[in-house]
Amino acid sequence: MTSKSVTIVVLSISLWAVSCSEDEQDPDTGADTDTDTDSDTDTDTDADSDTDTDTDSDSDSDSDSDADSDTDTDSDADSDTDTDSDSDTDTDADSDTDTDSDTDADSDTDTDSDTDTDSDTDTDSDTDTDSDTDSDADTDTDTDSDTDTDSDTDTDTDADTDTDADTDSDSDTDADTDTDSDTDTDADTDSDTDTDPDTEECEFIVDVPFIDLELDITLGGLPVICSDTDEGSIYLVDVLTDDTFNLGETCNGTVSAYPKTIRIVPGTYDVYYRSVDKDTVWPYNDWAKVLSEEPITASGPLVVDIPFVDLQLDLTLGDEPVICSDTDEGSIYLVDVLTNDTFNLGETCNGTVSAYPKSLRIVPGLYDIYYRSVDKATVWPYNDWAKVLSEEPITTSGPLVVDIPFVDLELDITLGDEPVICSDTDEGSIYLVDVLTNDTFNLGETCNGTVSAYPKTLRIVPGTYDIYYRSVDKATVWPYNDWAKVLAEEPITTSGPLVVDVPYIDLELDITLGSQPVICSDTDEGSIYLVDVLTNDTFNLGETCNGTVSAYPKSLRVVPGTYDIYYRSVDKATVWPYNDWAKILADQPITASGPLVVDVPFVDLEVDITLGSQPVICSDTDEGSIYLVDGVTDDTFNLGETCNGTNSAYPKTLRVVPGTYDVYYRSVDKLTVWPYNDWAKILADEPILVSGSVVVDVPFTDLCLDITLGDLPVICSDIDEGSISLVDVVTDDTFSLGETCNGTNSAYPKILRVVPGTYDVYYRSVDKDTVWPYNDWAYLDQIEAH
């Protein structure tokens with residue numbers, strides 16, 4: 001019996017020693033204060049006081065000052081009061097009640113001999129195989145404290161009452177050599193499993209909190225009515241973060257999908273209803289707020305009612321009954337003036353007959369009513385977003401008649417105050433824009449083949465309009481502009497004629513590169529754009545090269561105006577700058593025909609990069625890319641990826657337009673070497689005005705992140721998970737750290753390399769199921785990653 005227990009103790013010691021041998025030198029000041037009174041003074045009253053009259057004076061001389069001086073560097077000295085002190089009060093003291101009692105004037109042959117394989121040689125000597133170098137000392141407050149449940153009082157459940165029966169005559173041949181010498185193969189097993197094992201926790205533990213919302217819905221205060229083709233869906237919107245997510249459709253076939261329990265992140269929410277099928281039972285609305293600022297902060301029930309009124313809508317056209325044909329109609333929309341809920345009530349016609357009057361179920365509210373053209377023909381107006389009724393209260397069931405007014409505009413156009421010149425491949429188009437509602441619609445192209453499409457009569461809703469011209473073909477006759485205002489705030493309120501002129505000048509444009517003649521190749525060029533400073537009319541004047549020769553000088557017809565001139569890279573090679581939107585000339589008046597030379601300036605930037613101030617480490621599947629952003633024009637362009645296969649792509653020379661730039665880093669592969677960020681500013685306001693060199697360092701910190709779910713370990717399945725994202729509070733850099741689960745196991749804790757910063761942490765649902773919350777952008781926490 002004794003030998004078996006010894007074997008088990010020794011085995012547990014061995015395992016413990018292996019688990020603790022590494023860096024469980026237990027800095028763990030966990031120090032195992034180890035009250036482990038297994039100081040091991042091991043006075044071992046098993047001295048073997050062993051009343052075992054083997055008093056055994058054995059103080060346990062066991063020199064074992066067993067204090068156990070206990071080299072037990074554990075300093076566990078084993079100060080290890082290890083209540084085993086090893087005073088070894090070892091009630092084995094060997095009081096060894098040892099059923100032997102052990103008065104046994106220590107006749108106590110003690111078959112235990114008190115070799116007491118405990119034997120108290122205490123090889124723990126206390127070298128304590130633990131040794132416990134455990135700088136832990138084992139002060140190891142180590143929950144163990146190390147009062148060491150052992151405690152090593154060594155009451156030593158062995159006590160050593162040594163039910164061990166310590167048949168123990170206790171002659172204690174041990175005399176108290178007490179091979180217990182305090183080897184204590186108990187060796188301060190020190191239960192000291194070091195529950196602490198010194199595993200270091202992640203610096204950041206982010207919890208995904210949740211409550212279980214027991215949601216039910218009603219329709220107009222009554223139980224839900226469902227069919228396969230008539231239903232809606234319910235959404236929650238967090239009033240602080242705008243986190244917007246779908247709770248599911250209102251029906252499962254012909255039965256209500258509610259009540260049901262839905263797991264969400266606690267918060268204050270607006271509740272919205274959206275139509276899935278525009279039919280007779282569920283309202284037509286596409287974004288109706290049905291509950292405002294509802295605190296959903298604890299698990300429990302919530303009943304959401306979808307209110308409705310039955311609107312009996314009819315319409316007229318110019319105050320006359322509707323006229324319809326298969327190819328000439330419009331449609332009607334309602335727009336909630338408070339929530340901007342915008343939804344279609346249906347087309348004006350069913351074939352050749354009016355689709356109205358009809359009954360339409362909607363959520364009560366205050367609405368603007370809009371008309372939109374479906375076919376641009378002769379009966380229904382051309383408008384694409386005409387407001388025909390404002391702030392109409394629709395709060396009770398009943399009739400409403402909506403009129404679509406119109407005027408017949410007799411429109412003609414001229415080009416530079418001359419009759420229109422047309423060809424099949426050279427034309428433009430004319431647009432009207434309502435100055436109040438921004439209703440924007442096309443009146444048609446300027447030409448029908450080789451003849452003008454104007455004059456013509458166009459039916460429109462009365463209003464005040466700006467008139468715009470847009471190029472269809474960039475050729476020689478019609479101007480290059482893409483959004484030129486040619487007439488401003490024109491009142492079109494009655495039927496009648498209107499002549500619109502498209503003015504132009506002939507710009508004789510030439511370009512240079514760094515004040516030198518243009519150098520071209522088939523795969524190295526850029527393009528030139530004009531931007532009207534008043535209207536933002538933006539259009540391309542063409543590429544800089546025709547193959548290996550310059551495309552300039554050339555004559556370009558444009559609408560007169562004041563323009564900024566921009567350069568954009570077509571091929572990121574060696575001759576033309578890398579920029580994608582560089583302003584190279586500002587506020588240039590182009591108001592009369594004549595020459596203009598535009599220079600594309602450049603500097604040669606010798607750029608190198610480092611990673612955490614160290615040379616770049618590359619692999620085929622682990623890299624990022626570097627961007628420059630002009631702080632004034634927002635010109636944003638890529639300098640290329642950080643790696644060429646397994647080698648750094650840098651240093652390299654990059655040609656750029658001079659300016660002051662912010663430098664950004666973006667992840668290409670989210671792996672282990674390059675940071676996860678998608679838009680990290682790593683250098684601000686860097687003046688790049690002359691050719692020279694710059695070293696760009698991509699800093700990083702290794703963020704150890706763990707997550708919990710409702711403050712408990714993560715629960716995973718293949719089809720029930722979410723994902724975690726970080727958002728830089730300064731730059732809005734937003735990037736995903738990955739999904740919460742790897743199949744059925746948590747993907748966390750994990751080490752994630754990020755650019756240092758202050759980040760908000762967000763959770764997003766991947767699968768809307770039962771375990772992970774439904775939210776699509778729930779704020780969780782803020783962390784400092786430095």
Side-chain angles (χ1 to χ4, degrees), residues 204 569 572 577-582 603 605-657 659-688 692-705 723-738 750-762 783-786:
F204 297 111
S569 170
K572 296 194 186 305
Y578 268 54
N579 301 63
D580 279 338
W581 199 244
V603 297
L605 178 66
E606 300 168 9
V607 61
D608 199 4
I609 57 173
T610 55
L611 179 61
S613 300
Q614 299 297 317
V616 164
I617 302 171
C618 287
S619 78
D620 287 336
T621 57
D622 195 336
E623 58 182 328
S625 58
I626 305 297
Y627 289 76
L628 293 192
V629 178
D630 188 294
V632 176
T633 65
D634 203 38
D635 177 20
T636 302
F637 54 101
N638 188 356
L639 300 185
E641 297 184 349
T642 56
C643 300
N644 288 325
T646 57
N647 299 315
S648 176
Y650 295 83
K652 65 181 175 183
T653 298
L654 303 155
R655 186 160 280 185
V656 302
V657 173
T660 299
Y661 294 93
D662 294 329
V663 184
Y664 285 80
Y665 160 84
R666 169 172 283 170
S667 170
V668 173
D669 308 294
K670 296 193 187 306
L671 277 173
T672 56
V673 174
W674 290 89
Y676 268 53
N677 301 64
D678 278 340
W679 199 244
K681 184 188 286 187
I682 53 180
L683 206 57
D685 295 333
E686 181 70 18
I688 302 176
S693 61
V694 62
V695 177
V696 174
D697 182 55
V698 180
F700 68 84
T701 181
D702 288 322
L703 171 70
C704 182
L705 183 70
S723 62
I724 304 297
S725 296
L726 295 190
V727 178
D728 189 293
V729 299
V730 175
T731 66
D732 204 37
D733 177 20
T734 301
F735 54 100
S736 175
L737 300 184
K750 64 181 174 182
I751 304 294
L752 302 152
R753 185 159 280 185
V754 302
V755 173
T758 301
Y759 295 95
D760 288 334
V761 185
Y762 286 82
I783 60 177
E784 297 282 346
H786 296 297

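Contact check for Ile783 versus Leu703: side-chain heavy atoms found under the 4.5 Å cut-off. A heavy-atom distance below 4.5 Å is found between the side chains of Trp674 and Leu611. Put simply, the side chain of Thr731 does not reach to within 4.5 Å of the side chain of Trp679, judged on heavy atoms. Proximity of Pro699 to Val755: side-chain heavy atoms (C-beta onward) are separated by under 4.5 Å at one or more points. Within the 4.5 Å cutoff, the side chain of Val663 has no heavy atoms near those of the Tyr627 side chain. Proximity of Pro675 to Phe735: side-chain heavy atoms (C-beta onward) are nowhere separated by under 4.5 Å.
By the salt bridge (Lys or Arg N to Asp or Glu O under 4.0 Å) test, Asp580 pairs with Lys572, sequence neighbours left out. Residues that satisfy the ring pair (Phe, Tyr, Trp, His ring centres under 6.0 Å) test with Tyr578, not counting sequence neighbours, are absent from this structure. Annotation: salt bridge (Lys or Arg N to Asp or Glu O under 4.0 Å) contacts of Asp662 (sequence neighbours excluded): Lys681. With sequence neighbours excluded, the residues forming a side chain to side chain contact (heavy atoms under 4.5 Å, CB included) with Ile617 are Val673, listed by chain and number. With sequence neighbours left out, Arg655 forms a salt bridge (Lys or Arg N to Asp or Glu O under 4.0 Å) with Asp604.
Atom CG of residue Leu654 and atom CG of residue Leu628 lie 8.0 Å apart, to the nearest 0.5 angstrom. Ile724 CD1 to Tyr762 OH: the interatomic distance, rounded to the nearest 0.5 Å, is 12.5 Å. If you take CG on Asp620 and CG on Asn644, they are separated by 10.5 Å, rounding to the nearest 0.5 Å. Between the CG atom of Leu671 and the OG1 atom of Thr621 there is a distance of 5.0 Å, given to the nearest 0.5 Å. Taking CG of Leu639 as the reference point, atom CD1 of Ile609 lies at 9.5 Å (rounded to 0.5 Å). In this structure, CZ on Arg753 lies 9.0 Å from CG on Asp622, to the nearest 0.5 angstrom.
Residues Ala785 and Val754 share a closest heavy-atom pair of CB-CG2, 4.1 Å. Closest heavy-atom contact between Ser723 and Ser736: CB-OG, 4.5 Å. Residues Gly612 and Asp697 approach most closely at N-OD1, 3.2 Å, considering heavy atoms.
Residues Thr660 and Asp685 bring no donor and acceptor atom of their side chains to less than 3.5 Å of each other. Side-chain atoms of Glu641 and Ser625 form no donor-acceptor pair, as typed in the model, at a separation below 3.5 Å.
Each of Thr734, Asp733, Asp728 was evaluated against Asn677; a single residue qualifies, Asp733, per the side-chain hydrogen bond (donor to acceptor under 3.5 Å, both in side chains) test.
Among residue pairs with one or both ends in residues 629-651, those qualifying as ring-ring contact (aromatic ring centres under 6.0 Å, His included) are Phe637-Tyr661; sequence neighbours excluded.
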